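Values below: every heavy atom of this structure, side chains too, minus hydrogens, waters and symmetry copies. Owing to the predicted nature of the structure, the values given are computational and were not obtained by experimental measurement. Note on naming: letters A, B, ... go to the chains in the order of the sequence lines (proteins, then strands), and numbering restarts at 1 for each one.
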Amino acid sequence: MMTVLLGVLAFGVALYVLWPLVLGSRTFRARKSEREELLERRDVLLQELRDIDVDREAGKMDPQTYAEVRARLERELAEVLAMLELQGER
Amino acid sequence: MSLSAAGTALLWFTLALTLWGVVAEVTGILLRKPAFRESGIRSFFAAAGMLTLGVILLVTALLRADYSIEYVVLQVSQGTSWPFRISALWAGMEGSMLFWSWVTALYLALLLFVTRKERHEEFHAWAYAVIGLALGFFVLITARFSNPFAPYEGMPVSDGRGMNPLLLNVWMHTHPVSLYLGYTGFVVPFGYAIASLLTADVHSRWVRFIRMWVMVPWVFLTIGILFGGRWAYLELGWGGYWAWDPVENASLIPWLTATALLHSIIVQEKRAMLKVWNVFLAALTFVFALTGTYITRSGALTSVHAFAQSELGPWFAGAVWATLIFTTGLILLRKDALQSEHRLHTLFSREGFFLLNNWVFLALALTVAWGTLFPMISEAFTGHKITVGAPFFNRVTPPLFYLMMFLMVASPVISWRRGQWRPFLKALGPPALVALLVAGLAWIRGFRGPGVFSGIFLATWVIATTLYEIFRVARVRMRRKGEGLLLALWRVISHDRRRYGGYIVHMGVAFLALGIVGSYVFQERLELVMKPGDTVTFAEHTVNLAGMEAGRAPDYTFHRALFHVQNSRGRRTLASEYRFYPKWNMNTSEAALWPQLTGDFYVVLNGYVPETREATTILFWNPLVGFVWLGGAVMILGGAFALTRRKKRSIGVGQTREEVAA
């Protein structure tokens, strides 16, 4: 009885594993969209902007470094937003 | 077909599935055949299912005391209660290897599920293949060398030997599980480190992806270490919780490198630096986890915690060397892509301090590894095992731990890129005064000595600086948003759970340090022979041996001593047992505790002669030991908090612009 059960199980599992090869044309679900990645990046940049604001106000960052970093982050954020707009996702 | 044959067949079938998974994934990547990749993924899911079935079969055999299987004979007696029959799954080497493989397979299945929308990417596919290969290694070891389903080939028996008496403790249900969940989980960051090298995608993406997959096993490993310490404290009857034993060290070493990795991935995320370092740390953590398994399971080193002797040593050593050589080769191959995108301007910056903290963690890990593996190293060169023992670790590690504590004080308050001296000192000054006051008061209360003063000062400084830093940020929020203090504090902490979860962990480490300083440096111990009715005064406690009882349990006989303990604050009755397990020809002691705010009063019956009614008794006073458990609990809470996620607000693109404009 145990032998039969194991045989059936092994056959079922082998069928499940090899089925994509039998079908051949099976493809993966669509990749995470570029838009999702851009939105993620936008959120990260916004968080970084908030962080440096707090660092600045808490006196942890000198004005020159703050200005440099903020300019860089804003530039990158603008690029991300422009790409989002290009996608017509507004 | 017997249960033994069915279980064995299941293991070999799982090995075939795992290896097919690896081959199919790699073929799918190289030939760009999605069908192979899909087959490989299904294969890994099926392997997880088969191992689950294997675990169910073995647990069923243990619960039913099926003595046709050798592992059951060795681990379960008729007197073993059902919770311990389940825990017998990880009580011996063979069951542990099955459990290890199963947990690794579950991590892989979870990863496949979490990344289901991104499976098409080579980056993930290589990681699946690498993790699958590691899983295959463990399944091979289990099936070929450590089969828990091996049949019992002696004369049929009606009762088994039962597990090692030292394992018959409530912590047996949780400590090994959490430890294994920690060890095995580090296979995921390792898989992604290798995948990032193979795909030459060594930018910050892989570290962003793995941070949760480092944090989860880190939390489990922390729980495992803490529970292990508590277990040793209660079960081994020596009044301590950490003895620098090889198996204890084996869990601490990957914990140290994983902690370093948790810090250094932040630097790569924020500053695109330390790329080689992160790959190296991810690989090293996995290698140390492998080494830990090797030490625990091979019997290569003598330990109170190593319950297995086996011939697995060369296999694990081979796996460790193969991992190191392969990773190093890949790093050299990708050395151009691994260049940092930013330069370290000065060590006096947050990234500089993070780098220092990484060096300290690595130095600690290598020091502990050196001391732990020294018996093997010395045997290889001289033919004699030389053990360095606790004095080596107690002498070498404290300066590094002190430096680590200082960096926990300084890192959160310094800014990225280039630190500013004035704000830096302003942030550290007031907490330093508080710490000085506490360390001074402790000195007055008798906690004296340069090392003790420094330890208490640094630990308090960590706590005070962390609280002050949170308060300073909350004050900024109060000014900007007009919020009350409590609301601002909550918003600050809950908005960046990863960062503030880390700060909570820092405070936990500080509490732990206070407990270690108190309980190790100021522990008092008295060993004496008492007879019923005798009274002794020790560490401001009066101890009276009120009586002795004898009894029998299914697997052991015992003598129980009842102690009436009294101090100026109250009175307790403590019962400590001295047990004898005939099947093992082994005695154990069950300690009894009176936990108090200032320390634990700990009593252990360490021998009894019924003829003369002499009870060998050891008394301990462990000051501040409660801080060890409190600190551990705070660390775990902090780690768990860092893993939680704030409910995301939906931000439209338009809103984004407004925020930027603001």
Review point. What residues, two or more places apart in sequence or in another chain, satisfy side chain to side chain donor-acceptor pair (under 3.5 Å) together with B:Ser39?
Key: B:Trp20

Can you tell me which portion of [X] sits under 4.5 Å from chain A's heavy atoms? Options are side chain, backbone, both or neither.
{"X": "B:Phe13", "value": "side chain"}
{"X": "B:Phe45", "value": "side chain"}
{"X": "B:Arg477", "value": "neither"}
{"X": "B:Arg475", "value": "neither"}

**Study point:** Residue among B:Leu17, B:Val413, B:Val476 with most heavy-atom pairs under 4.5 Å to chain A
**Key:** B:Val476

Point to revise | Region of A:Val80 that comes under 4.5 Å of a non-hydrogen atom in chain B | key: neither

When rounded to the nearest 0.5 angstrom, what distance separates [atom1] in [X] from [atom2] in [Y]?
{"X": "B:Ser415", "Y": "A:Arg56", "atom1": "OG", "atom2": "CZ", "result": "10.5 Å"}
{"X": "B:Asp496", "Y": "A:Gln47", "atom1": "CG", "atom2": "CD", "result": "5.5 Å"}
{"X": "B:Ser43", "Y": "A:Leu18", "atom1": "OG", "atom2": "CG", "result": "8.0 Å"}

Point to revise | For B:Arg42 against A:Tyr16, the heavy-atom pair lying closest together | key: NH1-O, 2.8 Å

Review point. Crowded around A:Arg72 CZ? As in, over 12 foreign heavy atoms under 6.0 Å?
Key: yes

For residues 3-12 of chain B, which side-chain donor-acceptor pairs fall under 3.5 Å, sequence neighbours excluded?
{"residue": "B:Ser4", "atom": "OG", "partner": "B:Phe149", "partner atom": "O", "Å": "2.5"}
{"residue": "B:Thr8", "atom": "OG1", "partner": "B:Ser4", "partner atom": "O", "Å": "2.8"}
{"residue": "B:Thr8", "atom": "OG1", "partner": "B:Asn147", "partner atom": "ND2", "Å": "3.0"}

Check your understanding: Using a cut-off of under 4.5 Å for heavy-atom pairs, which of A:Leu21, A:Leu73, A:Thr3 has the most such pairs with chain B?
Key -> A:Leu21

Check your understanding: Where along residues 5-12 of chain A does a heavy atom come under 4.5 Å of chain B, listed by residue number?
Key -> A:Leu6, A:Leu9, A:Ala10

**Study point:** Partner set under salt bridge (charged side-chain N to carboxylate O under 4.0 Å, His left out) for B:Arg479, not counting sequence neighbours
**Key:** A:Glu57

Review point. Would you call A:Asp53 and B:Arg480 a salt bridge, taking side-chain N to carboxylate O under 4.0 Å as the test?
Key: yes

